[in-house]
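Input: a single structure, listed below in structure tokens.
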Amino acid sequence: MKIFKSFLVFLIFCSQFTNAQDLKPEYQKFISKFISEVKNGDKEAISKRIKFPFKRENPIPSVKNKADFIKKYNQIFDKVLIEKITKSNPAKDWSEVGWRGIMLNQGDLWIDTDGKIISVN
């Protein structure tokens, strides 16, 4: 029985690592471009990557359109997030998580497979 419990704990532990997949080269390409846009502070280019309306966690209101995003850019992309993005490696820090999309680290930022930003946590 003890061996069974140990095996069960091991399986649960390993299952946490099976959901994320290595990022495909075509995704690494647009992630690299996105990282470059963030490094350069290119709000215009980043705004084209946002899937509108861009929902925010309550009580923060959703971002309705491109102009609203540019106005709220510094609230959404704060210094901590910008640093995480700019220091990230597309092959190591970004992973595809099935139908959910592509995540940075453990879900700090999510991008769909079409290159649209769908969530910032």
Side-chain angles (χ1 to χ4, degrees):
M1 189 66 161
K2 187 176 181 180
I3 293 173
F4 177 73
K5 287 181 181 178
S6 297
F7 182 70
L8 186 60
V9 169
F10 175 75
L11 284 177
I12 292 169
F13 177 75
C14 290
S15 70
Q16 295 175 349
F17 300 106
T18 59
N19 291 336
Q21 302 170 1
D22 290 338
L23 203 56
K24 295 176 184 173
E26 63 265 26
Y27 299 151
Q28 287 183 30
K29 192 174 184 177
F30 71 70
I31 294 295
S32 294
K33 188 172 181 187
F34 169 66
I35 292 169
S36 177
E37 293 165 355
V38 172
K39 278 182 184 176
N40 296 326
D42 191 347
K43 297 175 187 178
E44 184 72 26
I46 297 167
S47 71
K48 293 177 183 174
R49 295 184 177 278
I50 301 292
K51 191 170 200 171
F52 295 108
F54 187 69
K55 298 186 189 240
R56 306 286 291 150
E57 198 167 317
N58 207 10
I60 304 169
S62 295
V63 179
K64 297 172 186 157
N65 53 38
K66 181 178 169 181
D68 194 24
F69 171 77
I70 291 174
K71 181 179 170 184
K72 295 177 180 176
Y73 176 83
N74 292 329
Q75 295 170 356
I76 298 167
F77 286 82
D78 62 7
K79 290 179 184 180
V80 174
L81 181 60
I82 289 172
E83 187 172 339
K84 285 180 183 181
I85 294 167
T86 57
K87 290 186 177 183
S88 69
N89 179 329
K92 295 179 182 177
D93 301 317
W94 295 81
S95 52
E96 184 180 359
V97 190
W99 60 269
R100 292 175 187 91
I102 299 165
M103 70 176 177
L104 169 62
N105 297 328
Q106 294 298 315
D108 294 327
L109 184 134
W110 287 83
I111 297 180
D112 67 14
T113 54
D114 294 327
K116 294 286 189 180
I117 299 168
I118 53 177
S119 179
V120 173
N121 296 319

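Numbering starts at 1 and runs along the sequence shown. From a predicted model like this one, the values you see are computed outputs, not experimental measurements.
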* Return yes if some donor-acceptor pair links the side-chain N/O of Asp112 with the main-chain N/O of Asp114 below 3.5 Å, else return no. => yes
* Asked: Is any side-chain heavy atom of Glu44 less than 4.5 Å from a side-chain heavy atom of Ile70?
  -> yes
* **Atom pair NZ (Lys79) and OG1 (Thr86), whose distance is rounded to the nearest 0.5 Å** => 13.0 Å
* Out of curiosity, Lys87 NZ to Asn105 CG, how far, rounded to the nearest 0.5 Å? -> 12.5 Å
Distance-only donor-acceptor hits, side chain of residues 27-35, under 3.5 Å, sequence neighbours excluded:
residue: Gln28; atom: NE2; partner: Leu23; partner atom: O; Å: 2.8
residue: Ser32; atom: OG; partner: Gln28; partner atom: O; Å: 2.9

* Asked: Given side chains that start at C-beta, do those of Lys64 and Pro53 come closer than 4.5 Å, heavy atoms only?
  -> no
* **CD/Glu26: more than 12 non-hydrogen atoms of other groups inside 6.0 Å** => yes
* Asked: How long is the gap from CG on Asp93 to CE on Met103, to the nearest 0.5 Å?
  -> 11.0 Å
* Structure fact -> Sorted by chain and number, sequence neighbours left out, salt bridge (Lys or Arg N to Asp or Glu O under 4.0 Å) with Lys72 holds for Asp68
* Asked: Roughly how far apart are Lys116 NZ and Ile102 CD1, rounded to 0.5 Å?
  -> 14.0 Å
* Looking only at non-hydrogen atoms, find the nearest pair between Ile111 and Trp94 and report the distance. => CD1-CZ3, 3.9 Å
* Applying salt bridge (Lys or Arg N to Asp or Glu O under 4.0 Å), name anything that partners Lys84, two or more places apart in sequence or on another chain. => Asp108
* Out of curiosity, Ile85 CD1 to Ile46 CD1, how far, rounded to the nearest 0.5 Å? -> 7.5 Å
* If you group Ile, Leu, Val, Met, Phe, Trp and Tyr by side-chain heavy-atom gaps below 4.5 Å, do Ile117 and Ile82 land in one group? -> yes
* Nearest heavy-atom pair of Gln75 and Arg56: which atoms, and what distance? -> O-NH2, 4.4 Å
* **Shortest non-hydrogen separation from Val63 to Phe52 and the atoms involved** => O-CD2, 3.6 Å
* Assign the ring pair Tyr73 / Phe69 to parallel, tilted or perpendicular, where the plane angle (0 to 90°) is split at 30° and 60°. => perpendicular
